[in-house]
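Here the structure is laid out as structure tokens; the discussion comes afterwards.
Whatever order the structure lists them in is the order used to number ligands and atoms, beginning at 1. Side-chain atoms are counted along with the backbone in the values below, which use heavy atoms only and exclude waters and symmetry mates.
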Amino acid sequence: MARQLIDSYGRVHRDLRISVTDRCNFRCQYCMPAEGLDWLPREELLTFEEIERLARVLVERFGVDNIRLTGGEPTVRANLAVLVEKLAALDVDLSITTNGTTLPALADSLVEAGLKRINVSLDSLRADRFLELTRRDELDKVLAGIDAAIAAGLAPVKVNAVMMRGINDDELLDFARFGRDKGVTVRFIEFMPLDAEGRWTNETVVTLDEIVRRIGDEFPIEPVERTSAPATRYRYSDGGGEFGVIASVTQAFCESCDRVRLTADGQFRNCLFAVDETDLRSLLRSGADDDALAAALAAGVASKWAGHQINQVHFIRPRRSMSQIGG
Ligand code: SAM
Ligand code: SF4
């Protein structure tokens with residue numbers, strides 16, 4: 001039996017998020033400054049071989065069974081399918097979170113490489129608002145990307161929508177209808193204080209309670225039993241599929257969090273909001289063996305805090321923005 005990645009609160013970690021690049025073809029308002037960020041130099045990014053090695057240690061030594069590739073925009077990293085093939089061979093539940101724009105070109109090759117499911121981020125169904133939010137006029141490309149993912153056989157296809165008061169919360173029911181019509185699961189995400197421009201306030205968060213009430217007023221819904229996944233799920237009683245809410249702010253799931261993160265430059269984070277990181281890239285590049293990597297990973301998790309404490313006076317905003325951590 002593998003050892004476990006366990007922290008001092010007894011939480012066992014099996015879910016790994018890997019950011020494969022800090023670059024992105026969008027500049028979403030809540031994620032990146034308009035002028036973009038200074039991209040990491042190529043040599044600072046982990047290579048596919050380095051990513052595979054760390055993932056293998058986490059899977060084989062610690063029983064990690066869930067890997068999600070993210071970014072920046074993961075699909076702008078050249079030859080992503082090569083990495084997908086390497087990670088799919090580890091026999092884990094492998095997925096990608098993407099803005100969807102490249103899927104018309106890439107979906108088939110990702111499926112051939114072994115990808116089974118995908119999450120596409122989309123925060124407005126209105127072209128003018130989409131342009132304002134992402135600073136790119138590419139709503140049509142994202143919609144085509146969702147269709148391409150469905151056609152390529154990825155299942156489930158989930159659509160992630162960050163709900164922000166006064167910005168896109170009037171589209172809540174449009175998103176619910178979109179999910180029902182397309183047969184995709186929409187997951188509404190509470191806005192988190194990781195936006196690069198620091199616009200987040202408590203009032204901008206559209207809460208789980210409000211989302212469920214407003215959708216429930218329109219469609220009959222019933223709760224789906226909770227799993228370890230962070231989404232609170234509901235199904236439409238008429239068979240129209242389901243939706244989820246990721247209530248990271250109002251109902252933090254820190255007490256059951258089983259997630260660890262690897263940034264594109266090889267820093268290991270034990271929490272989305274962590275202020276400290278473990279420098280795995282230096283270890284890898286100084287010739288560390290798997291035992292040394294495993295020891296660093298175990299120590300990195302052991303020191304995890306109880307929870308992120310958004311809304312409390314001692315909450316500290318992480319130095320990195322969401323695009324640099326990976327969501
Ligand atoms: N570029 C890819 C994408 O957009 O799906 C992957 C990276 S992105 C940082 C991952 C997720 O984080 C996206 O679903 C995005 O909507 C979400 N996100 C970014 N900033 C956020 C914030 N301040 N609060 C909540 N979610 C956020
Ligand atoms: Fe790019 Fe995704 Fe951030 Fe938007 S949310 S700027 S698509 S990384």
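In this structure, of G72, C31, G71, C28, the residue bringing a heavy atom nearest to atom 1 (N) of ligand 1 is G72. The closest non-hydrogen atom to atom 24 (N) of ligand 1, taken over M192, R68, Q29, R17, comes from M192. Closest heavy-atom approach to atom 13 (C) of ligand 1 within the set G100, S248, S121: this belongs to S121.
D93 has a carboxylate O that lies under 4.0 Å from a charged side-chain N of R117, or vice versa, which qualifies the two as a salt bridge. Between R53 and D290 there is a salt bridge, with a side-chain nitrogen of the basic residue lying less than 4.0 Å from a carboxylate oxygen of the acidic one. In this structure, E218 does not pair ionically with R214, as no charged nitrogen and carboxylate oxygen lie closer than 4.0 Å.
Between atom CE of residue M32 and atom CG of residue D22 there is a gap of 7.5 Å, rounded to the nearest 0.5 Å. Rounding to the nearest 0.5 Å places CD1 of I118 at 8.5 Å from OG of S95.
Counting atoms of ligand 1 from 1 in the listed order, those under 4.0 Å from a heavy atom of N99 are 2 (C), 3 (C), 5 (O). Proximity to E190 (heavy-atom distance under 4.0 Å) selects the following atoms of ligand 1: 25 (C). Using a 4.0 Å cut-off to heavy atoms of T70, the atoms of ligand 1 that qualify are 6 (C), 7 (C). Contact atoms of ligand 2 toward N99: 7 (S) (distance under 4.0 Å to a heavy atom of the residue).
Residue contacts with ligand 2, taken as heavy atom pairs separated by less than 4.0 Å, involve C28 via backbone and side-chain atoms alike. The backbone of T98, and not its side chain, has at least one atom closer than 4.0 Å to an atom of ligand 1 (non-hydrogen atoms only; backbone = N, CA, C, O).
Contact annotation: C24 places no N, O or S atom under 2.8 Å from atom 3 (Fe) of ligand 2.
Protein heavy atom closest to atom 5 (S) of ligand 2, with residue, atom name and distance, is C31 SG, 3.7 Å.
For the pair P193 and ligand 1, no heavy-atom separation below 4.0 Å is found. Residue-ligand proximity: G72 is placed with a non-hydrogen atom under 4.0 Å from ligand 2.
Checking only distances, C24 never comes within under 3.5 Å of ligand 1, N or O to N or O. For ligand 1, none of its N or O atoms has an N or O atom of S323 under 3.5 Å away. Of the N or O atoms in D123, none lie within a sub-3.5 Å distance of an N or O in ligand 1. Between F191 and ligand 1, a contact under 3.5 Å exists for no N or O pair.
Side-chain atoms of D209 and T207 include no donor-acceptor pair closer than 3.5 Å. E222 and S237 share a donor-acceptor pair across their side chains, judged by distance under 3.5 Å alone. Judged by distance alone, the side chains of E190 and T250 do bring a donor and an acceptor atom under 3.5 Å apart. Inspection of the T98 and E73 side chains reveals an N or O donor paired with an N or O acceptor under 3.5 Å.
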With side chain to side chain donor-acceptor pair (under 3.5 Å) as the criterion, how do R269 and T263 come out once you've worked through the C-alpha distance, each side chain's angles and the decisive distance to 0.1 Å?
CA-CA 8 Å; R269 299 174 64 84; T263 65; over 6 Å; no
T101 and N25: CA distance, side-chain angles, deciding distance, side chain to side chain donor-acceptor pair (under 3.5 Å) verdict
CA-CA 9 Å; T101 46; N25 52 342; 3.0 Å; yes
